[in-house]
Amino acid sequence: MADLACFGGPPCFAEPVHVGRPNVGDRGRLLARFNDLLDRRWFSNRGPYVQEFELQLAKLLGVRHCITVANGTIALEIAARALGLSGEVITPSFTFVATAHALQWMEITPVFCDIDPRTHSLDPRQVERMITPRTSGIVGVHVWGEPCAVEELTDIAARRKLTLMFDASHAFGCGHGGRMIGNFGAAEIFSFHATKFFNTFEGGAIATNDDDLAAKIHLMKNFGFAGYDNVIYLGTNGKMSEVCAAMGLTGLESLDAFIAVNRSHYRSYQTLLAGLPGVSVFPIQTDEPRNFQHVVLEVDEDRTRISRDGIVRLLHAENVLVRRYFYPGCHRMEPYRSLFPHAGLILPETESLCSRVLVLPTGTAIDGSDIEAICALLRLAVENGPEITRRLA
Ligand code: T4K
């Protein structure tokens with residue numbers, strides 16, 4: 001204990017250990033691809049790497065179309081526009097703010113719905129209660145890569161004649177009911193941001209089995225161009241570059257290895273934190289494909305005798321930069337806080353979860369000994385809660 005930074009000792013980790021440290025595939029293969037694209041002098045606008053990447057993604061997901069775009073946020077915007085969403089769209093507040101922003105950016109009102117505390121995703125019973133005559137759709141989010149209530153939401157959307165799409169930013173490489181995520185709703189979007197276990201530096205994709213929708217999305221992401229000098233649609237610039245596609249193609253070759261590391265880290269955390277009072281690791285279902293990219297702790301402050309934020313402060317002082325995703329919830333961020341000042345009243349589970357969650361470092365940037373040290377710190381924090389809280393004050 002005397003060695004802890006809060007007791008005047010040096011931080012446990014000399015260098016910061018981050019959540020969301022990017023995974024990198026085979027460097028030689030990546031640099032060879034960079035050389036090729038430089039020689040080819042074809043850098044953007046659906047070049048050969050983008051085309052190859054899209055084919056490989058569609059094959060992996062078992063989906064008819066997987067259209068790459070510049071990032072997950074623009075994927076949400078383009079998909080929502082191509083699907084004709086308007087008025088109000090029901091979505092969780094417990095998500096990265098991009099889910100809500102993408103809707104609001106298009107002057108669609110995100111209607112925040114509460115979550116099921118067991119799954120951390122939309123509670124279908126609450127979704128049904130949020131539907132109004134202005135509701136045009138639902139954007140479900142597969143939080144932490146665990147598929148949300150796909151069947152229930154599909155049923156509600158069909159009965160109430162709403163469009164259903166999914167923000168699958170966390171769920172690349174995950175499956176549900178024997179099919180890969182990417183196949184559900186009218187469209188599913190992915191983020192390949194640097195912080196995702198599979199990244200293209202920046203990037204994203206829209207997966208759909210609808211040929212007409214895919215054709216529309218291809219137009220929309222390229223200014224609406226249907227050929228030279230022929231714009232037939234309102235479009236934007238949502239294109240992925242060749243550099244990003246090269247990173248994606250290289251990352252795909254190591255996808256199984258990335259997942260294996262994540263799975264092993266997840267199991268180590270589970271083992272090392274077992275029995276720690278008031279601390280539980282969010283359970284990941286292992287009977288279907290999962291990417292294990294998030295190791296999520298829930299802290300029950302009544303049992304830990306140190307607050308979740310106290311644990312965060314202790315770990316940060318020790319250079320373990322854990323994150324409170326998605327604190328404080330979209331509804332408490334602008335512009336939503338001003339637009340819907342009372343939203344919290346109908347989001348009790350979201351508010352409660354935002355105060356319990358802690359995301360731990362994982363991925364290829366850390367190893368087993370890092371995890372042992374992080375778990376030892378967590379144990380120390382919980383076992384000496386009151387004293388550490390006093391020191392941190
Ligand atoms: N929907 C959902 C459910 C999402 O989670 C996201 C993105 C989106 C939609 C939108 O997709 P994109 O448009 O982003 O493709 C990060 C990411 O910026 C964001 O992509 C991600 N979700 C979100 C969950 O996390 P911040 O604000 O936490 O980023 P930042 O800069 O604090 O970085 C997080 C950690 O990663 C830090 O500890 C440092 C580390 N890091 C980050 C970068 C960029 C690195 O080690 N290397 C890096 O290159 O948002």
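Values below: all heavy atoms of this structure, side chains included; hydrogens, waters and symmetry mates excluded. Just follow the structure's listing: the first ligand is 1, and inside any ligand the first atom is 1.
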Write out the residue and atom name of the closest protein heavy atom to [atom], then the distance separating them to 0.1 Å.
atom	result
atom 47 (N) of ligand 1	P22 CD, 3.3 Å
atom 1 (N) of ligand 1	D167 OD2, 2.6 Å
atom 41 (N) of ligand 1	G20 O, 3.6 Å
atom 13 (O) of ligand 1	T73 OG1, 2.6 Å
atom 18 (O) of ligand 1	H193 CE1, 3.2 Å
atom 9 (C) of ligand 1	S169 OG, 3.3 Å

For ligand 1, which atoms have a heavy atom of [X] less than 4.0 angstrom away?
X	result
S191	11 (O), 12 (P), 15 (O)
T95	3 (C)
A194	49 (O)
A98	8 (C), 9 (C), 10 (C)
R21	45 (C), 46 (O)
H18	37 (C), 38 (O), 39 (C)
T99	1 (N)

- Message: I want to confirm something. Looking only at heavy atoms, which of F96, F94, F192 is nearest to atom 50 (O) of ligand 1?
- Response: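 Of the listed residues, F96 has the closest heavy atom.
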- Task: Run down the list H142, H170, E202, K196 and name the one with the heavy atom closest to atom 7 (C) of ligand 1.
- Result: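 Nearest option to atom 7 (C) of ligand 1, by heavy atoms: K196.
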- Message: Would V19 count as a contact residue for ligand 1, given that I'm defining contact as a non-hydrogen atom of the residue lying under 4.0 Å from a ligand atom?
- Response: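 Within the 4.0 Å threshold, so yes.
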- Query: Does ligand 1 have any atom that is closer than 4.0 Å to a heavy atom of R323?
  - Reply: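 Checking ligand 1 against R323, which is what was asked, there is a heavy-atom contact under 4.0 Å.
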- Message: Less than 4.0 Å from atom 36 (O) of ligand 1, is there any heavy atom belonging to the protein?
- Response: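 Yes, at least one protein heavy atom sits under 4.0 Å from atom 36 (O) of ligand 1.
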- Message: Whether D211 and R64 form a salt bridge (side-chain N of Lys/Arg under 4.0 Å from carboxylate O of Asp/Glu) is what I want to check.
- Response: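 Salt bridge present between R64 and D211.
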- Check whether the side chains of H294 and E146 place a donor and an acceptor atom closer than 3.5 Å, and report yes or no.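 Looking only at side-chain atoms, E146 and H294 do not form any donor-acceptor pair under 3.5 Å.
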